[in-house]
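Right, one structure below, let's go through it.
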Amino acid sequence: MENKQQATPRKKFKMPSAYTILFLIIILVAILTWIIPAGQYSTDKAGNIIAHTYKAVASNPQGIWDVFTAPIYGMIGNDHTEGAISISLFILVIGGFLGVVNQTKALDDGISSVVSKYKGKEKILIPLLMILFALGGSTYGMAEETIAFYPLLIPVMIGVGFDKMVAVAIVLVGSQVGCLASTVNPFATGVASQTLNISPGDGILSRIVLLIITVAISIFYVYHYASKIEKDPAQSIVFDQREDDLKRFALDHKDQSGAKMSGRQKAVLWLFGLTFLLMIIGLIPWDQINAKWTFFASFTKWLQGIPVLGDLIGSNLVPFGSWYFTEITTLFFLMSVIIMFVFKMKESTFVDSFLNGMGEFLGVAIIVAVARGIQVIMNDGNITATVLHWGEMGLSNLGSVVFIILAYIFYIPMSFLIPSTSGLAAATMGIIGPMGKFAGVDPSLVVTAYQSASGWVNLITPTSGVVMGALAIANVNITVWWKFMFKLMIYLFLTTAIFLGVMALL
């Protein structure tokens with residue numbers, strides 16, 4: 001009898017998780033502490049590095065135990081590195097806040113009611129919804145939450161003569177361009193700012209300008225494509241799938257007119273918007289913009305001076321303009337409780353929703369600590385200053401414009417390597433930020449360059465669950481999506497690069 005050897009199927013290569021990538025980088029950096037000369041910079045009273053003060057010191061190579069304690073110290077901090085506990089706790093609390101809001105279904109029904117309201121005028125939905133999704137991306141990193149809206153919008157857009165690419169673009173481009181121009185997004189702006197010991201409000205006004213510009217370009221791009229499809233359906237990039245799409249989506253489409261919001265849900269939406277508005281107001285350094293703008297500090301002092309009422313509100317109240325992670329974490333916790341009472345949610349439901357929401361963001365909170373572990377190894381191994389010194393020498397002949405554009409370009413491949421925006425910020429910002437100072441670039445602009453590159457990549461990367469999930473729902477191949485996005489990606493890249501260059505000159 002002839003023995004036939006069965007061919008064993010080849011295992012496809014699977015990209016390791018962000019945790020594994022970051023831990024491998026920790027190991028690599030630990031090895032480098034045995035090779036790279038140790039050094040230190042002098043610092044001022046605020047802890048800022050003073051240029052041209054580098055000196056060699058005794059080496060302190062990091063071993064196996066140091067590698068495994070790095071993520072621990074990355075969370076709680078040690079003598080050389082500030083821990084990520086404040087940002088990790090904020091991420092968990094904002095997860096709990098979103099869990100409570102999602103329990104009310106106010107966001108889902110709110111979008112549904114907007115779609116229902118503009119039935120017959122769906123073209124108006126393109127700018128309206130893209131702005132809403134962009135605001136979500138810019139303020140709280142709206143991403144995975146968008147998955148629920150594709151099954152709703154795809155049938156609507158196909159039914160009125162557009163195609164599924166318009167629906168996908170409204171949600172995906174809208175939300176991710178918002179992330180590109182994050183104003184106070186805790187997972188991008190927040191983590192990066194905390195790593196550099198600056199407020200997330202630093203640079204917020206310039207980022208608002210960038211948000212307006214990039215969202216306007218994106219809306220025009222999608223609206224122009226939709227107009228072409230409306231005039232001639234054959235212009236659709238997925239025209240060959242049109243008949244299948246009509247069967248797949250249009251026939252399954254249910255009338256959304258029944259998605260009416262209750263009074264409590266509307267109140268929750270107002271509170272949701274108010275929360276982010278208060279956070280933005282609290283983070284903007286008003287007295288730095290204008291020395292005379294001390295109204296919030298004066299009001300807080302007056303309020304706390306009122307007998308009984310001042311003590312009842314709290315003696316540790318911090319005025320708007322001076323907020324940091326403790327204050328905004330407290331805000332989201334407080335607003336979660338207020339939403340519970342307004343919505344008349346049961347205590348058990350509130351606790352479950354809050355904890356489930358925290359659970360969904362636990363991975364993000366932990367990855368920040370793991371990424372901060374890289375900085376722990378570099379600082380404990382005394383090689384951070386050496387790397388900065390090399391950067392200082394290399395940047396001596398580079399202007400601020402060249403540096404910020406190079407930083408933007410640097411973060412594009414890094415965003416592919418480390419898909420987690422928070423992990424990427426925690427892993428790299430401690431080096432790139434101080435390098436920017438040597439080139440005369442404000443740390444807040446380095447944050448903008450990082451998050452712009454990360455947001456740009458997250459529009460098309462196959463490593464993003466949001467991108468691949470959206471395309472799977474729409475039954476669109478990623479190469480078709482790349483073809484659709486090609487021109488827009490160029491427009492966004494050039495616009496952001498020019499914007500960063502101009503801001504570096506100001």
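Predicted model only: the values in this text are computed from it and were never measured.
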Inset, instruction - To the nearest 0.5 angstrom, please state how far the CE atom of Met261 sits from the OG1 atom of Thr104. - result: 7.5 Å
Inset, instruction - Ignoring hydrogens and angles, tell me if any N or O in the side chain of Glu327 forms a donor-acceptor pair with the backbone of Tyr324 under 3.5 Å. - result: yes
Legend entry - Mutual orientation of the aromatic rings belonging to Phe97 and Phe332 [parallel < 30°, tilted 30-60°, perpendicular > 60°]: perpendicular
Legend entry - From Phe296, Trp302, Phe295, residue fulfilling ring-ring contact (aromatic ring centres under 6.0 Å, His included) relative to Phe299: Trp302
Legend entry - Spatial distance of atom OG1 (Thr495) from atom CG (Leu488) [nearest 0.5 Å]: 9.0 Å
Inset, instruction - Apply the test side chain to side chain contact (heavy atoms under 4.5 Å, CB included) to residues Asn458 and Cys179: give CA-CA distance (whole Å), side-chain angles for both, the deciding distance (0.1 Å), then the verdict. - result: CA-CA 9 Å; Asn458 284 335; Cys179 292; over 6 Å; no
Legend entry - Atom of Gly137, atom of Ser182 and distance for their closest heavy-atom approach: O-OG, 4.1 Å
Legend entry - Residue list, ring pair (Phe, Tyr, Trp, His ring centres under 6.0 Å) with Phe361, at least two apart or on another chain: Phe187
Inset, instruction - Drop me the distance from Phe350's CZ to Ile339's CD1, to the nearest 0.5 angstrom. - result: 9.0 Å
Legend entry - Backbone of Asp202 reached by a side-chain donor or acceptor of Arg207 within 3.5 Å: yes
Inset, instruction - Tell me yes or no: between the side chains of Ser86 and Gln194, is some donor less than 3.5 Å from an acceptor? - result: yes
Inset, instruction - Determine the sole option in Leu135, Thr139, Leu331 for which the side chain to side chain contact (heavy atoms under 4.5 Å, CB included) test with Phe276 is passed. - result: Thr139
Legend entry - Residues that Phe133 engages under ring pair (Phe, Tyr, Trp, His ring centres under 6.0 Å), provided they are two or more places apart: Phe149
Inset, instruction - Give the minimum heavy-atom separation between Trp456 and Met489, together with the two atoms involved. - result: NE1-O, 2.9 Å
Legend entry - Spatial distance of atom OG1 (Thr496) from atom CG (Leu180) [nearest 0.5 Å]: 5.0 Å
Inset, instruction - For residues Phe90 and Val191, determine if any side-chain heavy atom of one lies less than 4.5 Å from a side-chain heavy atom of the other. - result: no
Inset, instruction - Run the numbers on Ile313 and Gln304 for side chain to side chain contact (heavy atoms under 4.5 Å, CB included), then give the verdict. - result: CA-CA 8 Å; Ile313 293 174; Gln304 290 181 319; over 6 Å; no
Legend entry - Minimum heavy-atom distance between Val401 and Gly501, given as atom pair plus value: CG2-O, 3.6 Å
Inset, instruction - Using ring pair (Phe, Tyr, Trp, His ring centres under 6.0 Å) as the criterion, list what pairs up with Phe410, not counting sequence neighbours. - result: none
Inset, instruction - May I ask you to decide if the ring planes of Tyr411 and Tyr450 are parallel, tilted or perpendicular, using 30° and 60° as cut-offs? - result: perpendicular
Legend entry - Distance in Å, Leu172 CG paired with Leu471 CG, rounded so as to fall on 0.5 Å steps: 7.0 Å
Inset, instruction - Please report the shortest heavy-atom distance between Ile126 and Val222, naming the atom on each side. - result: CG2-CG1, 3.9 Å
Inset, instruction - Keeping the roles fixed (side chain from Trp323, backbone from Met279), state whether a donor-acceptor pair exists under 3.5 Å. - result: no
Inset, instruction - Report yes or no: does Ser262 contribute a side-chain atom to a donor-acceptor pair with the main-chain N or O of Gln265 at less than 3.5 Å? - result: yes
Inset, instruction - Indicate, with yes or no, if the rings of Phe162 and Tyr225 have centres closer together than 6.0 Å. - result: no
Inset, instruction - State, with a plain yes or no, whether a side-chain heavy atom of Phe354 is found less than 4.5 Å away from one of Val93. - result: yes
Legend entry - Thr183 side chain vs Ser138 backbone, donor-acceptor pair below 3.5 Å: yes
Legend entry - Heavy-atom check, side chain of Pro443 versus side chain of Lys437, under 4.5 Å: yes
Legend entry - Note, Met378 side chain near Ile431 side chain (heavy atom, < 4.5 Å): yes
Legend entry - side chain to side chain contact (heavy atoms under 4.5 Å, CB included) partner of Asp163, the single match among Val476, Val168, Val238: Val238
Legend entry - Side-chain (Trp482) to main-chain (Ile460) donor-acceptor, under 3.5 angstrom: yes
Inset, instruction - Show your working on side chain to side chain contact (heavy atoms under 4.5 Å, CB included) between Leu459 and Leu492 and close with a plain yes or no. - result: CA-CA 11 Å; Leu459 282 163; Leu492 291 175; 3.7 Å; yes
Legend entry - Atom of Gln451, atom of Ala181 and distance for their closest heavy-atom approach: NE2-C, 4.2 Å
Legend entry - Closest approach of Val370 to Pro71 (non-hydrogen atoms, all atoms of both residues): CA-CB, 4.2 Å
Legend entry - Spacing of CG belonging to Leu125 relative to CG belonging to Leu132, to within rounding of 0.5 Å: 10.0 Å
Inset, instruction - For Leu129 and Leu153, run side chain to side chain contact (heavy atoms under 4.5 Å, CB included): C-alpha distance rounded to whole Å, both residues' side-chain angles, the deciding distance at 0.1 Å, then the answer. - result: CA-CA 10 Å; Leu129 290 179; Leu153 280 178; 3.7 Å; yes
Legend entry - Heavy atoms of other groups near Tyr19 OH, more than 12 under 6.0 Å: yes
Inset, instruction - Pick out which of Ile473, Val171, Ile170, Asn475 makes a side chain to side chain contact (heavy atoms under 4.5 Å, CB included) with Ile154. - result: Ile473
Inset, instruction - Could you tell me whether the side chain of Arg372 and the main chain of Ile85 form a donor-acceptor pair under 3.5 Å? - result: no
